[in-house]
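Note on naming: letters A, B, ... go to the chains in the order of the sequence lines (proteins, then strands), and numbering restarts at 1 for each one.
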Amino acid sequence: MPKPKINKTEYTFFDDVYDVVRLIPNGRVTSYGAIAKYLGSAQSSRLVGYAMNASGKEMPEVPAHRVVNRNGLLTGKHFFNNENEMQRLLELEGVKVKEDKIADFKLHFWDPILELDL
DNA sequence: GAGGTGACTGCGA
DNA sequence: CTCGCAGCCACCT
């Protein structure tokens, strides 16, 4: 019997991360640091990655494959059901992946700070 | 309640 | 150029 788990803070950093990730347009990618900075915690980029760890059980599904590290490296591909799943999803959206890295990362980069213009 | 963890980042050697 | 180290903070055990 799953517990409600509502006793935790009504608002969490994770939820904010998921929200931003879900705003990433199709065929675009961003970095953990960009999201962290957008949330006002540029130094907490780790939390973003940590949040993605739990994104798999989040609903609706969070396009975690659109989030990579600052180098455009698919650091989280190992966390998907299949390693190739992350790359496949990206290529499916028109993002070319080379050696587990996003080709023309800058070109596909989506900065929430610029796009959402906080 | 305390301790450990991590899908990161930036800077120094 | 590559490699290593420290900071950072919410979540989990």
Side-chain angles (χ1 to χ4, degrees):
Chain A
M1 195 64 198
K3 39 214 170 108
K5 266 307 169 265
I6 309 176
N7 59 340
K8 64 163 67 173
T9 314
E10 51 187 81
Y11 166 87
T12 62
F13 190 85
F14 280 32
D15 295 326
D16 234 359
V17 174
Y18 304 142
D19 196 31
V20 176
V21 175
R22 281 191 283 249
L23 288 174
I24 303 175
N26 186 293
R28 296 296 193 105
V29 294
T30 190
S31 68
Y32 304 95
I35 297 172
K37 189 172 183 180
Y38 174 75
L39 296 178
S41 303
Q43 294 145 230
S44 305
S45 51
R46 291 178 141 200
L47 281 303
V48 179
Y50 197 85
M52 302 318 309
N53 187 339
S55 69
K57 56 179 185 167
E58 269 295 310
M59 284 290 283
E61 296 181 27
V62 179
H65 61 277
R66 293 179 187 156
V67 185
V68 296
N69 69 352
R70 73 174 192 85
N71 295 316
L73 187 67
L74 309 188
T75 52
K77 68 168 189 173
H78 211 46
F79 280 58
F80 281 74
N81 295 322
N82 300 318
E83 287 188 22
N84 300 334
E85 186 70 0
M86 189 172 185
Q87 177 174 335
R88 194 175 67 87
L89 289 170
L90 287 170
E91 292 185 335
L92 214 63
E93 297 179 355
V95 180
K96 296 176 184 175
V97 178
K98 178 89 173 185
E99 301 275 312
D100 297 339
K101 292 177 313 212
I102 302 214
D104 300 319
F105 181 54
K106 296 184 301 180
L107 210 64
H108 296 287
F109 186 71
W110 180 84
D111 191 341
I113 299 173
L114 299 178
E115 302 296 331
L116 301 180
D117 194 19
L118 184 64

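One finds the CE atom of A:M86 at 13.0 Å from the NE2 atom of A:H78 (value rounded to the nearest 0.5 Å). Of the inter-residue distances, the one linking A:T30 atom OG1 with A:N69 atom CG reads 11.5 Å to the nearest 0.5 angstrom.
Shown for residues 85-105 of chain A: no residue has heavy atoms falling under 4.0 angstrom of DNA chain B.
Here A:A64 lies in heavy-atom contact (under 4.0 Å) with a base. Using a 4.0 Å heavy-atom distance criterion, A:N53 is classed as a base contact. At a threshold of 4.0 angstrom between heavy atoms, the contacts of A:S55 include nucleobase atoms, whether or not backbone atoms are also involved.
Summarising the geometry of A:V62 relative to A:R22, their closest heavy-atom pair is CG2-NH1, 3.7 Å, with the distance given to 0.1 Å. Considering every non-hydrogen atom in both A:H65 and A:L90, the closest pair reads O-CD2, 3.2 Å. In this structure, A:V21 and A:A64 approach most closely via the heavy-atom pair CG1-N, 4.3 Å.
Within 6.0 Å of atom CD in A:E83, more than 12 heavy atoms from other residues, nucleotides or ligands are found, so the atom counts as buried in its surroundings.
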Any chance you could list the contact pattern along nucleotides 1-7 of chain C? Use B for base contacts, S for sugar-phosphate-only contacts and - for none, protein heavy atoms under 4.0 Å, 5' to 3'. ------B

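Per the geometry, CG belonging to A:D16 stands 16 Å off C1' belonging to C:dC11, to the nearest Å.
Toward the 5' end of DNA chain C, the nearer of the two residues A:A54 and A:S44, judged by each one's closest nucleotide, is A:S44.
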Expected list for residues 39-56 of chain A: side-chain donor-acceptor pairs under 3.5 angstrom, two or more places apart:
from  : atom 1 : to    : atom 2 : distance (Å)
A:S55 : OG     : A:M52 : O      : 2.5

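With sequence neighbours excluded, no residue forms a side-chain hydrogen bond (donor to acceptor under 3.5 Å, both in side chains) with A:E58. The side-chain hydrogen bond (donor to acceptor under 3.5 Å, both in side chains) check on A:E85 picks up A:R88, with sequence neighbours excluded.
Residues A:L74 and A:V68 meet the side-chain proximity criterion, which asks for heavy atoms closer than 4.5 Å.
In the 5' to 3' direction, nucleotides of DNA chain B lying under 4.0 Å from heavy atoms of chain A begin and end at B:dT5 to B:dG10.
With hydrogens and angles disregarded, no donor-acceptor distance shorter than 3.5 Å links the side chain of A:R28 to the backbone of A:W110.
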